[in-house]
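Chain naming here is simple, since letters A, B, ... match the order of the sequence lines and numbering starts at 1 in each. Being a predicted model, the structure only gives us computed values, none of them experimental.
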Protein chains: 2
Amino acid sequence: MSVTILDIAKVAGVSKSTVSLVINESDKVKLETRHKVWQTINDLGYVPNMAARALTTSRTKTLGLIFLTSDETSLPYAMDSVPETLLYDVTYGINACLRNTDYSLLTERFSVSGHAKLPDLIKNKRVDGVFLIGGLYDDAFINLVLKQGIHVVIIGRHQEGVDSVSVNANKVGYLGAKYLLEQGHKQIAFISGPAHSSISQDKQNGFAAAVAELGISMEQIYFMHSPYTGLGGYQTLKQLWNDGIKPTAIFGGSDGITAGIILFLYEQGISVPKDISIISYEESLLSTHAPFSLTVIDGHKIQLGEMACMTMINRIKKQNAQEVTLIIEPSFILRNSVRSLI
Amino acid sequence: MSVTILDIAKVAGVSKSTVSLVINESDKVKLETRHKVWQTINDLGYVPNMAARALTTSRTKTLGLIFLTSDETSLPYAMDSVPETLLYDVTYGINACLRNTDYSLLTERFSVSGHAKLPDLIKNKRVDGVFLIGGLYDDAFINLVLKQGIHVVIIGRHQEGVDSVSVNANKVGYLGAKYLLEQGHKQIAFISGPAHSSISQDKQNGFAAAVAELGISMEQIYFMHSPYTGLGGYQTLKQLWNDGIKPTAIFGGSDGITAGIILFLYEQGISVPKDISIISYEESLLSTHAPFSLTVIDGHKIQLGEMACMTMINRIKKQNAQEVTLIIEPSFILRNSVRSLI
DNA sequence: TTGAAAGCGCTAACAA
DNA sequence: TTGTTAGCGCTTTCAA
């Protein structure tokens with residue numbers, strides 16, 4: 001049907017294999033021949049057949065992004081769902097990085113639920129490597145995936161023995177706390193995330209470190225747990241309020257949580273930053289579209305995707321290179337949701 | 001390396017082609033033989049090699065989602081970017097639908113800018129069909145794509161001669177207007193979208209139709225244009241305000257625009273729905289995470305993706321079936337951001 | 001520096 | 001109902 005290397009070979013007056021060599025940038029071919037071949041490739045509008053290439057090389061030039069979710073019930077954008085902003089921005093970053101390569105990206109949602117099943121992308125060998133992202137998976141799953149002899153880069157958390165790219169969660173808590181404390185806040189609620197999440201724990205540790213560093217009392221620092229949902233933030237703050245605890249500042253552990261916090265505050269007629277101060281962690285669609293200029297710790301999720309992509313590309317090139325563990329440092333975006341008490 | 005049909009054939013004591021027939025669900029094979037073959041397939045853990053299959057059938061069992069964007073400058077989640085919520089939710093819908101098939105989904109961002117170029121996915125024949133989504137493309141581009149002999153489903157707008165799935169934009173305006181008018185609002189600003197967008201125009205027409213139907217004066221109905229960004233909504237409303245026009249209700253033409261509207265109002269200390277009423281169109285992460293319970297016209301974007309996917313699958317099955325044009329009807333989600341003036 | 005030829009795993013026409 | 005066989009387009013030894 002379409003133009004093949006054989007056609008090119010005929011027209012250029014060389015053999016099939018010479019054309020192949022040229023395409024694969026071999027320097028074993030005489031410059032003159034190379035020119036001639038490229039010439040006819042352009043003339044005839046030849047495009048390599050990926051399937052044929054994949055068949056012989058057993059490499060698909062395709063990567064998979066596997067998004068681990070719980071069994072979904074409510075809609076992804078609902079108030080009681082975890083916003084998928086991490087997925088969105090990381091995907092953006094990966095695609096941006098991949099644009100300069102000959103790799104494509106397949107995406108699959110997959111829910112790990114005890115069953116020893118593999119995502120279709122992996123089972124069907126559709127990909128040369130996978131990015132694993134999302135909170136819900138265990139070591140058994142990872143090991144199952146690793147056993148497939150496929151490259152793996154984990155995004156968002158660290159795992160022994162696997163390439164990974166994640167954010168320094170401790171620093172997230174530290175940066176947020178430090179800023180609030182420096183502005184004179186001493187009564188602070190930190191709704192960091194689910195209790196069982198180690199990342200959530202790390203954030204709290206970083207927070208505590210800043211408090212200690214500045215020699216401030218922990219007495220009125222409230223570490224709260226909540227799912228990473230708007231509803232979670234809302235309910236957690238409401239509980240606090242009902243318990244008569246009214247801090248001067250609140251730190252939301254994700255933009256989703258913060259959205260819930262804001263909802264509750266506005267319901268109570270409390271305005272930001274006049275009556276209360278807020279900062280959030282993440283920097284996503286939700287924080288940039290908040291009803292006021294929201295100060296935020298930036299998790300650099302697009303960069304996270306880009307780094308994951310680079311890591312994957314390098315891993316494919318040098319299979320046996322040492323395990324890579326990249327930690328991205330969060331940064332502070334000063335906007336206008338915190339009032340100085342000094 | 002891994003198990004092939006030849007291995008299956010040997011073990012099952014049949015020929016390669018018999019195995020192939022069984023796998024492809026042919027009923028020409030004796031039931032007994034079929035059982036035996038499936039048995040060994042399970043025993044040996046055989047998984048078809050997609051590349052080989054693609055090579056012989058020249059069908060990749062892969063679909064492409066091509067997201068047409070402008071040349072990007074700012075970050076996708078920034079206040080001055082168009083939020084990509086349409087992409088997110090449609091992708092979700094397509095993936096949900098594809099889960100029951102043997103197709104996978106590749107995604108590519110592509111910016112059309114005059115150059116007669118094709119997205120890589122299409123050029124490299126990586127996909128059997130593409131979904132086209134996003135606002136920025138012209139007929140020349142569509143025609144170029146169609147010429148590749150690849151299946152095309154357009155999402156979000158209608159196009160002569162191509163399968164398409166879109167939302168009834170006229171009805172969006174109609175539903176929103178009708179509700180506001182019925183609540184007694186007569187001074188309404190409708191920030192529908194960009195002036196050059198036909199969808200934006202349709203929404204305004206629907207709005208006008210409702211006004212006419214209820215026999216209300218158009219005198220204090222303000223049709224405004226704005227890019228689909230938070231910043232656009234913000235600035236447009238600000239302009240209106242500065243011109244001394246202060247409607248009792250505002251209708252945002254997208255959740256992004258509405259986010260900007262909310263930002264401006266809160267900056268002015270105006271609260272919703274006490275001082276002013278708001279409704280939005282879209283129903284995305286942004287409307288569900290607004291700082292109050294936001295009444296919204298639902299564009300059913302997930303369903304949009306699902307329908308697009310079904311359309312594609314059907315198109316692949318019956319190449320010559322008649323052109324499909326699906327129009328999804330928006331619906332009304334009553335929450336609590338509109339005050340009754342009656 | 002180039003060519004010949006084998007083979008990747010599968011489907012599909014044709015034979016039996 | 002099943003087997004034989006010829007490719008699909010490419011890479012990759014191995015020879016020349």
Student: Might you list the N or O atoms of the protein lying below 3.5 Å from N or O atoms in nucleotides 11-15 of chain C, with each pair's distance?
Tutor:
from   : atom 1 : to    : atom 2 : distance (Å)
C/dT11 : OP1    : B/N24 : ND2    : 3.3
C/dT11 : OP1    : B/R53 : NE     : 2.9
C/dT11 : OP2    : B/S20 : OG     : 2.7
C/dT11 : O4'    : B/T56 : OG1    : 3.1

Student: Whole-Å distance between D/dG3 P and B/I8 CD1?
Tutor: 14 Å
Student: Check each of A/V152, A/V153, A/I154 against A/S164 using the side chain to side chain contact (heavy atoms under 4.5 Å, CB included) test, and report the only one that passes.
Tutor: A/I154
Student: Could you work out, with salt bridge (charged side-chain N to carboxylate O under 4.0 Å, His left out) as the rule, every residue matching A/D128, not counting sequence neighbours?
Tutor: none
Student: Atom NZ of A/K125 to atom C1' of C/dC10: distance rounded to whole Å?
Tutor: 16 Å
Student: Rounding to an integer number of Å, can you tell me how far B/I41 CD1 sits from C/dC10 P?
Tutor: 10 Å
Student: What's the CG-C1' distance between A/N124 and C/dC10, to the nearest Å?
Tutor: 15 Å
Student: Indicate whether OP1 or OP2 belonging to C/dT2 is found under 4.0 Å from a side-chain N or O atom of A/T18.
Tutor: no
Student: Find the bend of the helix from C/dT1-D/dA16 to C/dA16-D/dT1 as the angle between its two terminal axes (five pairs each), to the nearest 10°.
Tutor: 40°
Student: Mind checking ring-ring contact (aromatic ring centres under 6.0 Å, His included) for A/Y88 and listing every partner two or more places apart, or none if nothing turns up?
Tutor: B/Y88
Student: Between C/dT1, D/dC8, C/dA4, which nucleotide has the shortest distance from any of its atoms to the side chain of A/T33?
Tutor: C/dT1
Student: With sequence neighbours left out, which residue pairs that include part of residues 90-99 of chain B fulfil the salt bridge (charged side-chain N to carboxylate O under 4.0 Å, His left out) condition?
Tutor: none
Student: Check the distance between D/dC8's C1' and B/M50's CE and give it to me in whole angstrom.
Tutor: 16 Å
Student: Do any pairs count as a side-chain hydrogen bond (donor to acceptor under 3.5 Å, both in side chains) and have a residue in residues 37-55 of chain B, sequence neighbours left out, and if so which ones?
Tutor: none
Student: Rounded to whole Å, how long is the line connecting atom CD of A/E32 with atom P of C/dT1?
Tutor: 12 Å
Student: Please set out all donor-acceptor pairs under 3.5 angstrom arising from side-chain atoms of residues 299-312 of chain B, sequence neighbours excluded.
Tutor:
from   : atom 1 : to     : atom 2 : distance (Å)
B/H300 : NE2    : B/S331 : OG     : 2.7
B/K301 : NZ     : B/D89  : OD2    : 3.0
B/K301 : NZ     : B/E282 : OE2    : 3.0
B/T311 : OG1    : B/M307 : O      : 2.7

Student: Please tabulate, for side-chain N and O atoms in residues 139-147 of chain A, each donor-acceptor pair with protein atoms closer than 3.5 Å (sequence neighbours left out).
Tutor:
from   : atom 1 : to     : atom 2 : distance (Å)
A/D139 : OD1    : A/Q159 : NE2    : 3.1
A/N143 : ND2    : A/D139 : O      : 3.2

Student: List in chain and number order the residues that pass salt bridge (charged side-chain N to carboxylate O under 4.0 Å, His left out) with B/E323, two or more places apart in sequence or in another chain; answer none if no residue qualifies.
Tutor: none
